[in-house]
Structure formats: C-alpha cells, structure tokens
Amino acid sequence: MSPSPRKVQPIVYFIGFTAALAGLLFGLDIGVISGAQQFIQKEFQLQDWTVESIVSALLWGAVFGTLVSGFLSSHFGRRKTILISALVFIVGSLLCAFANSADILIVARFLLGIAVGVASFTAPLYLSEISPQTVRGSMISMYQLMITIGIVIAFASDAWLASYATIDGVTGGHWRIMLGIVALPAAVMFVGVLFLPESPRWLFMKGRKMDALGVFSHMRLEAAEIAVEVREIEESLRVKQSGFSMFFQNSNFRRAIMLGMGLQTIQQLTGINVVMYYAPHIFKIAGFANTTEQMWGTVIVGVTNVLATFIAIALVDRLGRKPIMYAGFVVMGLAMLSVGYIFKSNIEAHPDLGYPAIFALLMFIVGFAMSAGPIIWILCSEIYPNSGRDLGVTFSTSTNWFVNAIVGQTFLTLLNTLGNGNTFLMYGGLNALFIIFFLMYVPETKGVSLEKIEANLLSGLPLRKIGT
C-alpha cells in the first residue's frame with residue numbers, strides 16, 4: 001500500500017526545472033529557424049528545396065541523436081548524457097553563427113540536431129524516473145512547457161532582430177545572432193545539470209543501491225515513500241532482459257514499441273511543425289505581406305503555444321491523458337479544416353479572410369499545446385518496461401524526428417503541388433483519424449506507477465488496458 005501523498009519538496013521542482021532546460025534549447029532551435037530562413041534565403045540566394053534542407057537538417061540530426069541516446073544514457077547515465085547534449089548545443093550554435101555557406105549551415109544544423117535528439121530522449125526519461133508519481137505528468141509537462149517557451153523566445157528575438165533589417169537589405173549579422181545566441185542558455189543548462197543527482201532507477205539498474213537511496217534522501221522523501229519506490233524498482237528489475245534481447249524475446253515489449261512509434265508519428269502528422277517552421281510563410285499566404293507583420297504574428301503563435309500548455313499541466317494529473325487528447329484532436333482537426341477551407345476560398349481576392357484563417361491557426365495551436373504536445377511525451381515515458389525503457393524511448397523518439405524531418409522537408413513542396421488549401425485540409429483530416437487510434441490502442445495512465453503499467457503490459461493485457 002502506498003503512503004499517503006504529502007507536499008512535494010522544492011528540491012523536486014528544482015530538479016525538474018533544471019532538467020527541463022533541455023526543452024528550452026529544443027524550442028529555441030525549432031523556433032529560431034522560422035524567422036531566420038527568409039534572411040538566409042536572401043543572403044545565399046537559395047531555392048525552396050535548399051531552404052527545406054536547412055530546416056530539416058536539424059531534424060535528420062535528431063534522428064541520429066536519438067539512435068545513439070539509448071547507448072549513451074544506459075552507459076553513462078541520464079545526467080551525464082544531458083551534459084553531453086549541452087556541450088553539443090554550444091558547439092553547433094556557434095558553428096551556425098559563423099557559417100559562410102548553405103552547406104556549412106546544413107552541417108551545423110545537423111550537429112545541433114544530434115544535441116536536440118539526445119536531449120529529447122534523455123530529459124523526459126530522466127524526469128519520468130526521478131519524479132514522484134503524484135506529479136510525474138506535471139513534471140514531464142514542464143519539459144514541454146520549456147519547449148514552448150524556447151519557441152516563443154526564439155520567435156520574439158527573431159522579430160526584434162528582423163525589425164533592424166529588411167529582406168532586401170544587409171541581413172547577415174542579424175540571422176547569425178538569431179542562430180548563435182542559443183549557445184548562452186546551453187551554457188546555463190550545462191552548469192545547472194552539474195548540480196543534479198543521477199536517476200535513482202538507473203542507479204538501481206547498475207547495482208548502485210546505496211547511491212540511489214542517497215538520491216531519494218537528497219529529494220527529502222520520507223522513509224515510507226523511499227521504501228515503496230525501492231520495492232517497486234526492485235520488482236521491475238527482476239526481469240533481466242534488456243534492450244534488443246527483450247525486443248526479440250518478448251512480444252509484449254514489441255507491442256509497447258509499436259504503440260510508442262505510433263504515438264510519435266501521430267504527434268508530428270498533426271501538422272504542428274508545419275506551423276512552427278514555416279509560420280511567417282503561412283502568414284504571407286493569409287495575406288500579411290509585410291515582413292514585420294509576419295514576424296510578430298509568429299510571436300503571437302508562440303505565446304499562444306506557451307499559454308495553452310498550462311492547460312495540460314493543470315489538468316493532465318486530474319482529468320487524465322485520454323480525455324484531454326480527445327478534446328485536442330477535435331480542436332486541431334476543426335481548426336486545420338477551417339484554415340484549408342479559407343485558403344481555398346480565393347483569399348487573395350478577399351483579404352479580410354486572413355484574420356479568421358489566423359484565428360483558426362491559433363486555435364490549432366491551442367489544441368496541440370494542451371494535448372498532443374505534452375501528453376504524447378508523457379505516454380511514451382510511461383509505457384515501456386524498466387529494463388527496456390532505453391530502447392523503447394529510442395524507437396519512439398527517433399520515429400518522432402524521422403516523421404518530423406519528412407514534414408519539414410516536404411511542406412513547401414506540398415504547397416507547390418497540392419495547393420495551399422488542400423495541404424491544410426489533408427492535415428485536418430489526419431487529426432480526425434487519430435481519434436480512432438486513441439480509442440483502440442492508447443491506455444489511460446493517470447496516477448498509475450511505472451511498475452504497475454509494466455506488470456500489466458508484460459501480463460498480456462490489451463494495450464488500452466495496461467493503465468488499469
């Protein structure tokens with residue numbers, strides 16, 4: 001029987017906030033290219049396909065980063081792996097700032113992507129393993145919140161710097177500052193993580209029980225709470241399989257892998273990063289021809305993203321994961337369909353339609369930020385057995401970045417082939433289909449320990465019931 005819940009100690013929130021700074025860097029690197037790309041395109045005289053390559057280089061790097069993250073986090077530990085990602089963030093950001101050609105910029109963005117991939121794998125994993133189960137959802141949502149804050153900071157800094165330059169003017173120094181400034185928060189994160197403890201679950205996996213108990217004491221957990229944590233971790237670690245051996249030998253683990261990959265595919269096919277990477281271009285389609293309007297409109301997108309994320313943080317451990325997801329899919333689907341319909345309605349001849357199009361776009365952001373943004377990361381940190389969690393998160397996170405890269409590298413091409421309206425109608429239809437997937441396969445994990453979820457999964461329960 002679990003001990004009665006008590007007030008979470010401030011040290012727990014400090015740990016969560018510091019680890020979630022990885023999300024801030026993630027968001028900065030996502031957001032900064034949105035405002036910088038048009039200036040880069042002008043300076044280097046680039047075609048659309050090269051711009052798509054610059055945008056997506058980070059995403060392909062993230063695929064590679066997630067593939068090596070399982071080894072890094074298992075071998076070196078969660079904390080040291082986050083430190084490694086911070087160093088790569090610093091190097092990649094500075095290389096972007098000093099790039100003198102599109103090719104060098106693509107390489108630098110790929111390097112940054114490796115850091116993003118490593119961080120996106122390790123930070124949610126670390127948070128899920130070190131957080132008390134009563135606040136686990138909120139702690140992982142903090143990571144998503146930091147992503148959204150990073151995006152809005154990047155959008156705002158881009159808009160401010162762009163106000164001192166025009167597309168036809170000398171813009172080199174401005175986009176270089178946009179890309180290079182990410183090195184500063186990366187250095188802050190590196191210093192902060194130096195003071196964090198290692199994941200107690202990872203320490204148990206490595207046979208370092210006393211060190212793990214020290215972490216629990218550092219977090220000021222009571223003796224009864226520590227006893228429950230230790231018992232549940234030790235019970236889960238009796239399953240000696242790990243990684244690929246577990247993947248080939250245990251069909252229930254493979255089911256969880258497929259669920260995680262499906263969830264991450266869904267997150268990207270909602271169309272969120274179409275908006276985040278190409279927001280100024282979308283504002284241009286909506287009739288806002290002025291660069292300043294496009295850039296500050298993008299800031300409004302970022303602010304909306306931040307504020308709506310608080311909905312998930314407030315409700316995810318009260319209402320549960322699935323009710324919020326259903327509401328989010330309805331909002332996202334209707335919003336994308338509305339944008340598509342408006343863009344097909346000869347918006348050039350009816351400029352007033354630009355405002356309802358942007359309102360629908362903002363409603364899409366609200367739907368994503370309150371649901372698929374944080375909650376899919378939460379689910380993917382919860383559904384894997386302890387001994388196979390590294391590999392499970394590797395598969396799901398690399399899938400996220402693989403699909404993300406495809407979305408980033410095809411959007412301008414889709415606009416040029418399908419048309420503006422049909423492209424958004426396609427994403428709206430996909431959001432409606434995703435409700436069916438959640439009904440059939442996704443479990444409700446609110447208030448359930450990781451060890452209980454693992455026991456249900458390995459017992460062969462249907463996926464949608466492993467949270468019961």
Side-chain angles (χ1 to χ4, degrees), residues 1-2 66 70 73-74 121 124-125 127-129 131-134 136-137 140 199-202 204-205 228-267 316-317 319-326 329 372 375-400 403 433-468:
M1 183 177 179
S2 299
T66 57
S73 66
S74 179
F121 171 96
L125 179 65
L127 289 169
S128 73
E129 292 182 339
S131 305
Q133 69 183 58
T134 54
R136 190 174 66 229
I140 300 172
S199 160
R201 283 184 171 85
W202 181 82
F204 266 94
M205 291 172 67
V228 170
E229 292 280 354
V230 169
R231 183 176 69 251
E232 291 186 342
I233 292 173
E234 289 180 334
E235 287 176 355
S236 70
L237 290 178
R238 290 190 183 124
V239 179
K240 296 300 182 183
Q241 296 169 306
S242 62
F244 281 104
S245 63
M246 190 175 193
F247 179 81
F248 288 113
Q249 296 174 25
N250 195 310
S251 61
N252 290 314
F253 180 47
R254 291 196 295 273
R255 290 190 305 142
I257 292 281
M258 295 305 296
L259 176 59
M261 294 173 68
L263 288 169
Q264 294 290 3
T265 298
I266 284 172
Q267 189 195 61
V316 68
D317 287 318
L319 300 182
R321 285 57 163 151
K322 293 182 71 173
I324 300 174
M325 284 301 308
Y326 293 137
F329 282 132
I375 291 176
I376 284 179
W377 288 110
I378 293 170
L379 289 167
C380 286
S381 72
E382 295 174 327
I383 60 176
Y384 301 117
N386 202 2
S387 296
R389 185 164 292 128
D390 286 353
L391 183 67
V393 177
T394 298
F395 269 106
S396 60
T397 308
S398 59
T399 299
N400 178 290
V403 181
L433 291 176
F434 296 152
I435 296 175
I436 300 173
F437 182 91
F438 263 73
L439 284 169
M440 294 178 64
Y441 300 111
V442 179
E444 177 56 70
T445 57
K446 182 192 74 167
V448 185
S449 71
L450 298 180
E451 288 70 27
K452 177 64 173 176
I453 295 170
E454 174 178 345
N456 289 339
L457 172 71
L458 297 181
S459 71
L461 284 178
L463 287 172
R464 68 179 182 276
K465 295 184 178 180
I466 63 175
T468 58

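Taking each heavy atom of S396 and M261 in turn, the nearest pair found is CB-N, 4.2 Å. In terms of heavy atoms, P124 sits closest to S381 at O-CB, 4.2 Å. For V393 against C380, the heavy-atom pair with the smallest separation is CG2-O, 3.9 Å. The heavy-atom pair separating Y384 from A256 by the smallest distance is CE2-O, 3.3 Å. For R464 against L439, the heavy-atom pair with the smallest separation is CD-O, 4.0 Å. Summarising the geometry of K465 relative to L461, their closest heavy-atom pair is O-CD1, 3.9 Å, with the distance given to 0.1 Å.
In the displayed structure, F438 atom CZ is contacted under 6.0 Å by more than 12 heavy atoms of other residues, nucleotides or ligands.
Of the listed residues (N400, L263, L127), just one forms a side chain to side chain contact (heavy atoms under 4.5 Å, CB included) with W377, and that residue is N400. Screening L463, I266, I383, L379 for a side chain to side chain contact (heavy atoms under 4.5 Å, CB included) with V442, the sole residue that qualifies is L379.
Counting only distance, with no hydrogens or angles, the side chain of T445 and the backbone of V448 share no donor-acceptor pair below 3.5 Å.
To the nearest 0.5 Å, atom CZ of residue F395 and atom CZ of residue F121 are 11.5 Å apart. Between atom CD1 of residue I466 and atom CG of residue L259 there is a gap of 6.5 Å, rounded to the nearest 0.5 Å. With rounding to the nearest 0.5 angstrom, the CD atom of E382 is 5.0 Å from the CD1 atom of I453. To the nearest 0.5 angstrom, Y441 atom OH is 11.5 Å from R255 atom CZ.
The side-chain heavy atoms of R321 and P443, taken from C-beta on, include no pair separated by under 4.5 Å. With contacts defined as side-chain heavy-atom distances shorter than 4.5 Å, the pair L458/M246 qualifies.
Residues that satisfy the ring pair (Phe, Tyr, Trp, His ring centres under 6.0 Å) test with Y326, not counting sequence neighbours, are absent from this structure. Applying the side-chain contact (heavy atoms from CB on, under 4.5 Å) rule to S398 yields the partners T66, L67; only residues at least two apart in sequence or on another chain are considered. Residues that satisfy the side-chain hydrogen bond (donor to acceptor under 3.5 Å, both in side chains) test with S199, not counting sequence neighbours, are E129.
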L433/F329 under side-chain contact (heavy atoms from CB on, under 4.5 Å): CA gap, chis, key distance, verdict: CA-CA 9 Å; L433 291 176; F329 282 132; over 6 Å; no

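The aromatic rings of F244 and F247 lie perpendicular to each other, with more than 60° between the two planes, well past the 30° mark.
A donor atom on one side chain and an acceptor atom on the other are not found under 3.5 Å apart for Q264 and T399.
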